[in-house]
Amino acid sequence: MRRPFSRALVRPLVMAAAVAAIPLTQATPVAADSVVVGGFPIEVSQSPWTVALSSRDRFGGTRAGQFCGGVVIGPTKVLTAAHCVGEDVLGTFPGQARDLKVIAGRTDLLSSEGEEIPVSGIRVNPRYDPVDNAGDFAVLTLATSLPQSSVIAMAAEGDSAYAPGTSATVSGWGDLTGGGDYPRGLHAARVSVLSDTLCAQAYPGSVDGTYRADSMLCAGEVQGGPDGCQGDSGGPLVAGGRLIGLVSWGSGCGRAGSPGVYTRVSDVVKVLGPNAGSGSRESHTGV
């Protein structure tokens, strides 16, 4: 089973600072590749569905306890990566994480803007396979509601937003350099949706992982460049104003021939149903 905090090869993209919180005898240094090339800071108002997962008990207060990202799919529902709420990340069973919160409406993690909402429930995809990261998603229920303006639509199967070559945007508070350079402010980068054929060639089933088109998609640039990185897990990949992916895993960050792999949101819709957010959703233009 892959260790969630190893970054030299395949890595789910939980914040690397967790290495300091959990002793790992085989923790591998992060890759030194240049990542999020062409990335840029944004205001949360440009991507109001992007939220941070926080646990100060687990990750300290330096960055408000942020360790993963998430995306608002309903007034009280946040979608994130299943590996973000695993026992090895939270240090306890998901339902027993006492201070797990979602930070919404906040650009700078250390500012007082927005709100921090306790998580009242966690539903992990029953089909999630932690060995190969297939079906890597979970739904968090919030103790209080967010405004409908924060909600983004999920793209169902057959949506044109999944077409190879489509321009998409990934956002989060993750590592900007692959070397532990974590920003306080929200950042975004533009990437291209890549074909399943190319993704399968990149991850054919070696130690670098296996690409599964039924539950995954990949995005980036063939020559390397913009990418999600450590700390971005569970954050949104948006195309055409609709949610198409969640940051999940990959080989290094921004490496040529090793695009970022995302949970395919059409698979989420199949598992949860089109009304998973418990409310109507509108498409957004965003960043």
Side-chain angles (χ1 to χ4, degrees), residues 14-15 17-18 42-87 89-125 137-154 171-174 182-188 231-236 238 243 246-247 263 265 268 272 275-282 284 286:
V14 178
M15 183 178 168
I42 62 170
E43 294 294 323
V44 74
S45 59
Q46 297 172 268
S47 185
W49 47 84
T50 304
V51 297
L53 270 59
S54 164
S55 172
R56 288 180 174 81
D57 284 352
R58 185 67 168 161
F59 298 96
T62 303
R63 300 175 69 257
Q66 187 271 338
F67 64 97
C68 269
V71 55
V72 182
I73 60 168
T76 62
K77 303 295 181 183
V78 166
L79 197 60
T80 190
H83 72 260
C84 284
V85 293
E87 182 181 1
V89 174
L90 295 179
T92 185
F93 294 108
Q96 298 176 359
R98 293 179 300 174
D99 76 328
L100 181 60
K101 295 180 180 179
V102 163
I103 302 177
R106 182 176 298 177
T107 300
D108 182 336
L109 290 170
L110 298 183
S111 75
S112 59
E113 68 177 335
E115 53 189 322
E116 299 187 10
I117 304 176
V119 173
S120 61
I122 300 174
R123 177 186 177 188
V124 176
N125 176 19
F137 72 85
V139 180
L140 311 181
T141 299
L142 305 181
T144 59
S145 297
L146 289 168
Q148 189 66 35
S149 59
S150 297
V151 179
I152 190 171
M154 296 189 291
S171 54
W173 290 267
Y182 294 99
R184 285 173 42 172
L186 181 61
H187 280 67
D232 286 324
S233 276
V238 174
L243 181 68
L246 302 173
V247 178
T263 301
V265 168
V268 177
L272 299 180
N275 298 316
S278 301
S280 60
R281 297 181 299 279
E282 299 177 354
H284 291 264

Between S54 (side chain only) and A64 (backbone N and O only), is there a donor and an acceptor less than 3.5 Å apart? yes

Drop me the distance from T62's OG1 to L110's CG, to the nearest 0.5 angstrom. 8.0 Å

Which heavy-atom pair separates V44 from G105 by the least distance, and what is that distance? CG1-C, 3.6 Å

Tightest non-hydrogen contact, residues A81 and V247, listed as CB-O, 4.1 Å

Heavy atoms, side chains only, cut-off 4.5 Å: are L272 and M154 in contact? no

Could you report the tightest heavy-atom contact between R184 and W173, atom names first, then the distance? O-CD1, 3.4 Å

Can you give me the closest heavy-atom contact between L109 and A52, atom names plus distance? CD2-CB, 4.1 Å

If you round to the nearest 0.5 Å, how far is CG of L79 from OG1 of T263? 8.0 Å

So does L142 get a backbone contact from the side chain of T76, meaning a donor-acceptor N/O pair under 3.5 Å? no

Positive for side chain to side chain contact (heavy atoms under 4.5 Å, CB included) with V71, one of T50, V265, L246: L246

V89 and R58: which non-hydrogen atoms are nearest, and at how many Å? O-NE, 2.8 Å

Within the distance-only criterion (no hydrogens, no angle test), does the side chain of D57 pair as donor or acceptor with the backbone N or O of D99 below 3.5 angstrom? no

Is there a donor-acceptor contact under 3.5 Å linking the side chains of S55 and K101? no

Under 3.5 Å: donor-acceptor pair, side chain of E115, backbone of L146: no

Do the side chain of R106 and the main chain of E113 share a donor and acceptor less than 3.5 angstrom apart? yes

Taking atom CZ of R56 and atom CZ of F67, what is their separation to the nearest 0.5 Å? 12.0 Å

Roughly how far, to the nearest 0.5 Å, is the CD1 atom of I42 from the OG atom of S47? 4.5 Å

Kindly say whether T141 contributes a backbone atom to a donor-acceptor pair with the side chain of S120 at under 3.5 angstrom? yes

P48 backbone acceptor or donor facing Q46 side chain under 3.5 Å: no

From D232 atom CG to Y182 atom OH, the distance as rounded to the nearest 0.5 Å: 9.0 Å

If I compare all heavy atoms of P236 with all of W49, which pair ends up nearest, and what's the gap? CG-CD1, 4.0 Å

Between OG1 on residue T80 and CD1 on residue I122, distance to nearest 0.5 Å: 9.5 Å

